[in-house]
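Below is one structure, written out as structure tokens; comments come after it.
Counting starts at 1 for both ligands and their atoms, following the listed order. Position 1 is the first residue of the sequence; numbering continues from there. Please read all numbers here as calculations on a predicted model, not as lab measurements.
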Amino acid sequence: MNRDDLPSALALLARGLQGAVDVAGFEHLPRPIFATAPTAPTQPTSAPAPMPPAPSETPSPSAPLAGVELGELLASVTRLTAPNAEKLRILRDDVVGDCTRCKLHRGRNKLVFGAGNPQARLVFVGEGPGADEDREGIPFVGRAGQLLTKMIAAMGLSRDEVYICNVVKCRPPNNRDPERDEVDACEGFLRTQLAILQPEVIVGLGRVANHALLRTQTPISKLRGSWQRYEGIDLMPTYHPSYLLREERDPQQSKKREAWSDLQQVMKRLAR
Ligand code: URA
């Protein structure tokens with residue numbers, strides 16, 4: 001979604017969609033809320049032609065970055081006078097690089113930095129890559145990712161219009177929760193991604209993401225559905241798609257209904 005575009009969510013809202021969900025696993029619920037055809041996971045958006053920032057502001061890839069304190073480096077990337085796509089590229093290639101800052105790098109196949117529109121008004125933050133994401137280097141491409149893609153489609157958006165990333169960029173072994181030191185090691189990268197993107201809304205997916213972003217221990221069942229603030233940005237906590245997938249046998253689909261209600265609040269905020 002480009003900042004210039006009125007979100008197609010507006011059109012959906014105008015059609016008066018009320019409270020029904022149809023995502024795979026949401027199919028027991030009345031149409032047409034998530035009633036879009038499944039969308040194939042997107043490749044990361046390719047960066048537009050680079051517009052080099054002023055030399056004095058650029059952490060040159062060939063400079064000995066090892067000597068520069070990470071916090072300083074991250075702040076300088078945020079401050080660059082360059083398109084978001086270029087700032088994200090510099091963050092990915094020149095700062096995160098072939099990261100070995102925590103133990104997760106040892107089991108990693110591919111680092112999963114993030115994907116989507118560098119001008120996105122809406123950013124989804126998940127927990128960390130799973131096996132599929134680790135193999136492909138793209139966030140949310142496995143089963144949970146397919147559900148997320150359909151949730152995004154139900155909002156009248158595509159993955160190309162939003163940005164998707166995770167709290168930790170490398171897969172925790174056996175899909176365990178990321179540990180405190182791992183979240184801490186990656187936190188600066190996530191903060192910098194969000195500082196560059198400056199979206200209008202962040203959706204925090206699940207307990208791990210919301211606890212990391214909001215620095216709270218409040219259960220996700222209590223956090224979800226109520227607007228929070230992250231560094232001056234509106235943040236809507238909701239359930240993680242993996243959690244929603246576990247609800248498949250519940251005929252009430254109550255958590256999916258709650259998640260859809262959370263996403264509807266997001267659509268309304270973006271339509272303002
Ligand atoms: N779960 C997440 O939290 N992130 C992914 O990228 C995939 C699954």
### Task
Applying side-chain contact (heavy atoms from CB on, under 4.5 Å), name anything that partners Glu182, two or more places apart in sequence or on another chain.
Cys102, Lys103, Leu104, Val168, Arg176, Pro178, Glu179
### Task
Return the set of residues passing side-chain contact (heavy atoms from CB on, under 4.5 Å) with Arg108 (not counting sequence neighbours), or none when no residue passes.
Asp98, Cys99, His105, Leu111, Asp134, Cys170
### Query
Is there a donor-acceptor contact under 3.5 Å from the side chain of Arg121 to the main chain of Leu270?
yes
### Message
Main chain of Gly145, side chain of Thr149: is a donor-acceptor contact present, judged purely on distance under 3.5 Å?
### Response
yes
### Task
List for me each residue that meets salt bridge (Lys or Arg N to Asp or Glu O under 4.0 Å) alongside Arg135, sequence neighbours excluded, and say none if there are none.
Asp132
### Query
When you look for protein heavy atoms under 4.0 Å from ligand 1, which residues do they belong to?
Gly126, Glu127, Gly128, Glu133, Pro139, Phe140, Asn166, His240
### Query
Under 3.5 Å, is there a donor-acceptor pair between the Tyr163 and Gln193 side chains?
yes
